[in-house]
2 protein chains.
Amino acid sequence: MADGEKKKRTPGPIDPDNREVPDRRGAPDGTAGRRRGRPRRLDPQAIVATARRIIDEEGVDALSMRRVAREVGSTPMALYTYVRDKDELLLLTLAGTSTALPRPQLPEDPRDRMIAVAVHMHGLIRRMPWVLKVLVRGDVTDKKALWMAEEIIECALARGLGEAQAVHAYRTLWHFVYGDLVFTAARDQRAAEPDRRPSFTALLTGQDAAELPRLTELAPRWEELQRYDVEEQLTAIVDGLLSRARPPR
Amino acid sequence: MADGEKKKRTPGPIDPDNREVPDRRGAPDGTAGRRRGRPRRLDPQAIVATARRIIDEEGVDALSMRRVAREVGSTPMALYTYVRDKDELLLLTLAGTSTALPRPQLPEDPRDRMIAVAVHMHGLIRRMPWVLKVLVRGDVTDKKALWMAEEIIECALARGLGEAQAVHAYRTLWHFVYGDLVFTAARDQRAAEPDRRPSFTALLTGQDAAELPRLTELAPRWEELQRYDVEEQLTAIVDGLLSRARPPR
DNA sequence: ACCTGAACACCGTTCAAGT
DNA sequence: ACCTGAACACCGTTCAAGT
């Protein structure tokens with residue numbers, strides 16, 4: 001990094017919100033908004049749409065710059081006019097995904113509302129597990145998903161949490177939802193390929209009974225005991241978080 | 001998958017618990033425990049150790065079968081005598097990692113103890129972030145980490161949760177800890193490469209103020225508001241979970 | 001049983017050149 | 001400004017052959 005201080009700006013970034021890109025149609029005199037230089041041959045939206053489809057159908061691992069290029073009828077390097085690198089393309093696929101499920105009717109009571117939003121958040125991603133693997137790489141980039149944060153924070157404030165506490169409550173709920181989905185997905189995958197390493201209970205030998213008596217006892221029933229209703233867990237967490245409110249006066 | 005029903009068993013699996021592998025030293029008569037066929041040239045433990053070192057020093061993405069082979073002075077395909085595939089090697093690197101932090105003194109009170117164990121779990125992985133990326137691929141494979149599950153479940157039972165509830169409590173805590181660590185790591189990484197996409201607050205334009213008033217208001221202070229003490233959050237969660245106990249009689 | 005070498009079917013990205 | 005083609009430095013894994 002001795003002399004590499006000049007950063008290349010991505011020349012034609014893609015608008016993550018899928019709005020019309022100005023793209024050579026501007027004022028009638030043809031100057032304002034007109035792109036300079038060689039006209040585009042590729043459709044930026046098509047690039048992202050293709051990427052999204054590949055991920056959706058075959059998983060994140062199936063996504064490659066070469067594959068997208070092939071499918072949009074171009075060469076790998078042409079894509080780099082539109083995205084800085086593969087990571088950026090991945091993030092762009094997130095936009096608009098939060099509208100997959102219609103925004104639900106929410107209860108009026110702040111506590112119940114908070115739980116309902118968290119459950120919705122969970123259900124949304126449960127339906128599109130690929131989103132999980134992309135989300136690790138950065139923050140939420142889908143503006144249409146922000147209403148959920150807004151709602152949860154608003155509810156927390158309504159129940160007497162401070163501003164910081166309310167933001168923390170949102171994060172805590174999100175972190176749980178995320179973690180839960182990751183492990184649910186891992187379990188589903190393990191179930192899909194049997195003979196693969198089994199759940200940890202198989203590791204327990206007779207010698208462990210002394211050190212891990214409770215686990216040893218529960219091991220045979222672990223699979224069923226493990227299953228929970230996310231809503232119940234979210235309810236418990238929300239109640240725990242709300243119990244930190246300073247008493248209303 | 002029409003005719004591919006016969007599964008090759010991995011011939012010489014590596015013991016995840018780092019115990020002495022029998023390896024050609026058996027009964028004095030030289031039969032029991034003796035390996036048949038050509039003797040091994042590679043040390044199974046060295047393979048795993050090398051993999052662990054690479055991941056630890058340069059991250060999971062730096063791990064490749066070719067790289068490990070090179071560093072143990074062999075060829076890529078020789079590794080497949082010891083592991084079924086790259087995934088299995090990855091899982092094997094996990095063994096023993098939970099002893100990185102000494103087992104702490106725990107409070108007697110079940111609630112406090114539960115919190116302390118959860119905090120310990122968090123601190124352990126915080127110190128070895130690479131573990132996170134490997135854990136997604138499966139369950140806990142480090143037997144030495146199971147005492148944490150045992151403790152948490154035991155505490156939950158002591159406070160009056162049912163068996164299923166106690167197991168759920170453990171899972172909920174673990175899912176939160178995992179999610180929290182993933183996003184903390186993501187934030188750290190974002191901070192390390194600035195100019196990269198910023199936090200979501202930068203997405204908010206004037207037009208959003210109407211729809212997202214609270215977020216818009218908090219946005220300028222988001223970075224500081226966001227920071228929380230994990231222990232506080234874990235405490236709230238534990239209290240929420242324990243509040244589900246049937247009242248003690 | 002264990003190990004090698006060549007081969008297959010891929011990667012992301014840089015770089016120089018063309019339009 | 002946008003796109004191409006060749007090249008660089010890699011991947012995981014299969015397969016046939018050797019010891």
Side-chain angles (χ1 to χ4, degrees), chain A residues 3-4 6-14 21-24 26 31 33-44 46-47 51 54-55 58-91 137, chain B residues 1 3-4 6-14 21-24 26 31 33-47 51 54-55 58-91 137:
Chain A
D3 60 342
K6 41 185 160 184
K7 317 242 179 210
K8 268 202 294 189
R9 280 298 302 127
T10 307
I14 302 179
V21 178
D23 198 66
R24 112 188 61 186
T31 42
R34 168 158 237 134
R35 292 194 170 277
R36 283 151 305 173
R38 179 172 170 173
R40 301 187 144 175
R41 201 176 72 74
L42 264 43
D43 176 11
I47 293 172
I54 293 170
I55 297 178
E58 301 173 49
V60 239
D61 292 338
L63 186 82
S64 74
M65 299 302 274
R66 295 172 120 102
R67 170 91 182 267
V68 174
R70 209 188 309 133
E71 301 209 5
V72 298
S74 182
T75 59
M77 285 314 296
L79 305 181
Y80 287 85
T81 308
Y82 303 89
V83 294
R84 166 196 291 214
D85 53 22
K86 192 185 171 185
D87 237 55
E88 189 167 293
L89 179 55
L90 232 18
L91 255 339
R137 283 153 210 273
Chain B
M1 296 285 163
D3 60 343
K6 40 185 160 186
K7 315 241 179 206
K8 267 201 298 191
R9 280 295 305 129
T10 307
I14 301 180
V21 178
D23 196 65
R24 113 191 60 189
T31 42
R34 169 159 236 133
R35 293 191 169 279
R36 282 149 306 172
R38 180 172 170 173
R40 301 188 143 174
R41 202 178 71 72
L42 263 42
D43 176 10
Q45 300 302 340
I47 294 172
I54 293 170
I55 296 177
E58 301 173 49
V60 239
D61 292 338
L63 186 82
S64 75
M65 300 302 273
R66 296 173 119 102
R67 170 90 182 267
V68 173
R70 208 189 310 135
E71 300 208 7
V72 298
S74 184
T75 59
M77 284 316 294
L79 305 180
Y80 288 84
T81 308
Y82 303 90
V83 294
R84 164 195 290 211
D85 54 21
K86 192 186 171 184
D87 237 54
E88 189 167 294
L89 179 55
L90 232 18
L91 255 338
R137 283 153 210 276

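Per chain, numbering begins at 1; letters A, B, ... match sequence-line order. For clarity, every value in this text was computed on a predicted model and none was experimentally measured.
Rounding to the nearest 0.5 Å gives a distance of 11.0 Å between OG1 of A:T81 and CZ of A:R41. Rounding to the nearest 0.5 Å gives a distance of 10.0 Å between CG of A:D61 and CD1 of A:I55. Atom CZ of B:R66 is separated from atom OG1 of B:T75 by 10.5 Å, given to the nearest 0.5 angstrom.
D:dC15 and C:dC2 have their C1' atoms separated by 16 Å, given to the nearest Å. For C:dC11 and D:dA7, the C1' atoms lie 14 Å apart once the distance is rounded to whole Å. D:dC3 and C:dT14 have their C1' atoms separated by 15 Å, with the value rounded to a whole Å. The separation of D:dA9 from C:dC10, taken at their C1' atoms, amounts to 14 Å, rounded to a whole angstrom.
In this structure, B:I54 places its CD1 atom 14 Å from C1' of D:dC11, rounding to the nearest Å. Regarding B:Y80, its OH atom lies at a distance of 6 Å from the P atom of D:dG12, rounded to whole Å. Rounded to an integer number of Å, the gap from A:E71 CD to C:dC10 P is 13 Å. Taking atom CG on B:D85 and atom P on D:dC11, their separation rounds to 17 Å, with Å as the unit.
Checked by atom type and distance alone, the side chain of B:D85 pairs as donor or acceptor with a backbone atom of B:E88 at under 3.5 Å.
Under the salt bridge (charged side-chain N to carboxylate O under 4.0 Å, His left out) criterion, B:E71 pairs with B:R53, B:R67, not counting sequence neighbours.
Heavy atoms only, all atoms of each residue included: A:I54 and A:A62 are closest at CG2-O, 3.8 Å. Taking each heavy atom of B:P76 and B:A69 in turn, the nearest pair found is N-CB, 3.4 Å. The two residues A:A46 and A:V72 have their closest heavy-atom pair at O-CG1, 4.2 Å.
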Look for any protein N or O under 3.5 Å of an N or O in nucleotides 3-5 of chain D and output each such pair with its distance, or none.
residue : atom : partner : partner atom : Å
D:dC3   : OP1  : A:R41   : N            : 2.4
D:dC3   : OP1  : A:L42   : N            : 3.0
D:dC3   : OP2  : A:Y82   : OH           : 2.8
D:dT4   : OP1  : A:R41   : NH2          : 3.4
D:dT4   : OP2  : A:S74   : OG           : 2.9
D:dT4   : OP2  : A:T75   : N            : 3.4
D:dT4   : OP2  : A:T75   : OG1          : 2.9

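For the segment residues 58-69 of chain A, residues with any heavy atom less than 4.0 angstrom from an atom of DNA chain C are, sorted by number, A:L63, A:S64, A:M65, A:R66.
Side chains of A:I47 and A:V83 form no contact here, defined as non-hydrogen atoms less than 4.5 Å apart.
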**Asked** Reading DNA chain C 5' to 3', how would its secondary structure be written in dot-bracket notation, given Watson-Crick and G-U pairs with both distances under 3.5 Å, brackets [ ] for crossing pairs and | for partners on other strands?
**Response** ||.|||||...|||||.||
